[in-house]
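Numbers here simply count residues along the sequence, with the first being 1. Nothing here was measured: the structure is a model prediction, and the numbers come from that model.
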Amino acid sequence: MANSREGRFVHLLPCAERTLLVVARTLSLTLLFRHGVDDEPSLRPPSVRRCSAAATTTSCCLFGVLSGTPTPPPAEHHRCIDCQTCRWMAPEVFKRVDGKAAVAAQPISDEHRTKALQALLSCPTSSIHTEKPAKDILQVQNMFPLPIDNHLLPGVYLCGYHSQDSYGATSYLLTHPDGNILVDSPRYTTKLAENIEKLGGARYMFLTHMDDVADHRKWAERLKCERIIHSGDVEDVTADVEWKLTGNGPWDIGADFELIHTPGHTEGSVCLFYKPVKALFTGDHVAKSEESDDLDLFLMYSKQSVGLQLDSMRKLLKLDFEWFLPGHGYRIHYKDVHAKDSAIESLIANYTS
């Protein structure tokens with residue numbers, strides 16, 4: 001099943017000049033780079049399929065084997081925003097090519113296929129498609145929210161359905177007897193809302209910072225949850241948030257959750273510390289480098305000083321956690337708190353030496 005024609009994965013990458021379908025195949029590898037027509041219609045899968053079909057009968061170029069990975073068109077022609085989502089969700093299928101995501105190999109097992117379909121549903125720009133409709137897509141839809149690790153992180157779920165409005169940020173659902181917490185906003189979909197309600201809905205929606213609020217209003221209306229954001233990150237779109245944090249904290253949500261003010265990426269960046277499972281949800285404050293196991297502050301996107309963000313990292317040395325669950329990229333599990341502290345100290349040294 002994993003190698004069936006129906007199961008082939010492709011990236012559809014539009015620009016706004018002429019229609020050109022480039023099909024590159026390497027063994028079972030299939031990459032589709034679509035240039036053409038107006039961007040707005042091409043965002044919808046039916047239009048994509050119609051235009052692609054037309055392209056194959058008119059202007060079509062077939063590239064041969066290019067010693068491994070086919071070379072994509074120039075980066076500015078891609079719809080992919082390089083948010084990493086597909087690469088950490090299904091690393092066996094998706095890789096980074098010339099600064100964008102690409103299909104590097106077709107799934108070779110049912111597990112790999114399922115992960116690739118999860119990435120397809122989570123892609124914020126709808127850039128991933130199968131050559132034919134996947135008959136099991138509804139089954140995969142029902143998997144979200146997706147448990148991360150029932151043993152090590154009980155009650156912690158990936159929401160999937162990443163939003164382009166938050167540059168593809170990851171949203172998490174934390175189930176808890178005192179009320180569930182939605183961390184940052186996924187893209188609103190009725191199916192995901194129904195599945196979250198089956199898990200008890202959400203008492204709170206915690207927004208780590210201003211960049212990852214996405215569809216927070218739709219979720220608040222549907223789930224009747226109380227939203228939380230730091231006052232330093234309040235904008236017009238979040239002016240109606242119910243709980244605005246002030247000062248430097250920390251703040252508690254019951255006995256198990258602590259909110260840590262970590263300014264640097266933004267003035268009001270806040271991390272959520274889930275004490276029983278020793279996990280820190282970092283928003284955009286810190287994440288793992290895609291090229292190594294090192295931590296990265298992604299300073300090109302920071303709105304405040306390096307020194308302030310490093311001071312915020314020093315706060316994390318005092319906390320007893322072993323997991324980084326970031327808003328973007330790969331999560332990290334350290335063997336113990338000492339390994340976590342060592343990684344933070346190494347990061348600080350890299351920026352201060």
Side-chain angles (χ1 to χ4, degrees), residues 84-85 88-89 122 144-160 162 166 169-186 196 199-200 202-209 212 225 228-230 245 249-262 264-265 269-290 293-298 309 312-347:
Q84 300 187 36
T85 298
W88 63 258
M89 292 191 78
S122 298
F144 289 107
L146 185 69
I148 293 178
D149 189 312
N150 286 324
H151 175 63
L152 296 176
L153 289 173
V156 179
Y157 296 80
L158 291 171
C159 291
H162 297 208
S166 58
T170 304
S171 173
Y172 303 89
L173 178 70
L174 316 180
T175 59
H176 192 274
D178 294 335
N180 298 346
I181 300 177
L182 196 58
V183 179
D184 285 329
S185 172
I196 288 176
L199 290 171
R203 181 178 178 181
Y204 300 104
M205 170 178 270
F206 168 64
L207 302 170
T208 59
H209 67 297
D212 293 352
C225 55
I228 306 170
I229 193 170
H230 194 280
L245 306 172
W251 308 267
D252 293 324
I253 305 178
D256 290 339
F257 301 96
E258 184 175 342
L259 304 181
I260 312 297
H261 188 208
T262 52
H265 177 72
S269 288
V270 178
C271 295
L272 185 147
F273 177 27
Y274 190 4
K275 299 175 187 178
V277 300
K278 297 188 174 185
L280 190 77
F281 297 82
T282 65
D284 289 4
H285 173 53
V286 65
K288 177 185 174 297
S289 168
E290 190 168 9
D293 290 332
D294 295 337
L295 295 175
D296 197 332
L297 296 181
F298 302 107
Q309 197 159 353
S312 294
M313 287 302 303
R314 292 184 180 97
K315 289 184 182 180
L316 307 185
L317 292 169
K318 303 175 183 178
L319 302 179
D320 182 17
F321 68 90
E322 299 171 359
W323 288 86
F324 274 116
L325 290 100
H328 298 274
Y330 300 77
R331 57 186 174 268
I332 310 172
H333 183 208
Y334 295 103
K335 64 178 181 180
D336 53 37
V337 69
H338 301 294
K340 178 267 294 184
D341 286 347
S342 178
I344 293 175
E345 289 166 351
S346 178
L347 169 70

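- Using cut-offs of 30° and 60° for the angle between ring planes, the His209 and His265 rings count as perpendicular.
- With hydrogens and angles ignored, the 3.5 Å screen pairs a side-chain donor or acceptor of Ser171 with a backbone N or O of Val183.
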| message | With side-chain contact (heavy atoms from CB on, under 4.5 Å) as the criterion, how do Asp212 and His328 come out once you've worked through the C-alpha distance, each side chain's angles and the decisive distance to 0.1 Å? | response | CA-CA 10 Å; Asp212 293 352; His328 298 274; 4.0 Å; yes
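- In this structure, Asp256 and His176 approach most closely via the heavy-atom pair OD2-NE2, 2.7 Å.
- Counting only heavy atoms from C-beta outward, the side chains of Leu158 and Tyr172 approach each other to under 4.5 Å.
- Evaluation of the salt bridge (charged side-chain N to carboxylate O under 4.0 Å, His left out) rule for Lys315 yields no partner, not counting sequence neighbours.
- No side-chain heavy atom of Glu290 sits less than 4.5 Å from a side-chain heavy atom of Trp88.
- In this structure, the side chains of Ser122 and Phe144 come closer than 4.5 Å at one or more pairs of heavy atoms.
- Residues that satisfy the ring-ring contact (aromatic ring centres under 6.0 Å, His included) test with Tyr157, not counting sequence neighbours, are absent from this structure.
- Atom CD1 of residue Ile196 and atom OG1 of residue Thr175 lie 11.5 Å apart, to the nearest 0.5 angstrom.
- Atom-to-atom distance recorded for Asn180:CG and Leu173:CG is 5.5 Å, nearest 0.5 angstrom.
- The side-chain heavy atoms of Ile332 and Leu295, taken from C-beta on, include a pair separated by under 4.5 Å.
- In this structure, Asp184 contributes its side chain and Gly327 its backbone to no donor-acceptor pair below 3.5 Å.
- In this structure, the side chain of Lys340 engages the main chain of Leu319 through a donor-acceptor pair within 3.5 Å.
- Here the NE2-NE2 distance, from His261 to His285, works out to 10.5 Å after rounding to the nearest 0.5 Å.
- A 4.5 Å side-chain heavy-atom check between Ile253 and Arg203 finds every atom pair outside the cut-off.
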Indicate every side-chain donor-acceptor pair of residues 269-277 with a distance under 3.5 Å to a residue at least two apart or in another chain.
unit_1, atom_1, unit_2, atom_2, d
Ser269, OG, Thr266, N, 3.2
Ser269, OG, Thr266, OG1, 2.7

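- Of all heavy-atom pairs between Ala339 and Asp336, the closest is N-OD1, 2.8 Å.
- Summarising the geometry of Pro326 relative to Thr282, their closest heavy-atom pair is CA-OG1, 3.2 Å, with the distance given to 0.1 Å.
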| Hey, mind stepping through Val156 and Phe281 against side-chain contact (heavy atoms from CB on, under 4.5 Å) and telling me if it holds? | CA-CA 11 Å; Val156 179; Phe281 297 82; 3.9 Å; yes
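- The minimum heavy-atom distance between Thr85 and His162, with the atom names listed, is OG1-ND1, 3.1 Å.
- In this structure, the separation between CD1 on Ile229 and CG on Leu259 is 12.0 Å, given to the nearest 0.5 Å.
- A 4.5 Å side-chain heavy-atom check between Tyr334 and Phe324 finds at least one atom pair inside the cut-off.
- Here OH of Tyr204 is found 8.5 Å from CG of Asp178. Values are rounded to the nearest 0.5 Å.
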| Under the side-chain contact (heavy atoms from CB on, under 4.5 Å) criterion, do Asp284 and Thr208 qualify, and how do the steps go? | CA-CA 8 Å; Asp284 289 4; Thr208 59; 5.8 Å; no
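- From Gln84, atom CD reaches atom CE of Met89 across 13.0 Å, with rounding to the nearest 0.5 Å.
- In terms of heavy-atom proximity, Leu325 sits nearest to Ala279 at CD1-CB, 3.6 Å.
- Between Arg331 and Ile148, the closest side-chain pair of non-hydrogen atoms falls below 4.5 Å.
- Residues Gly264 and Gln309 come closest through the heavy atom pair C-OE1, 3.5 Å.
- The aromatic rings of His333 and Trp323 lie parallel to each other, their planes meeting at an angle below 30°, with 60° marking the opposite boundary.
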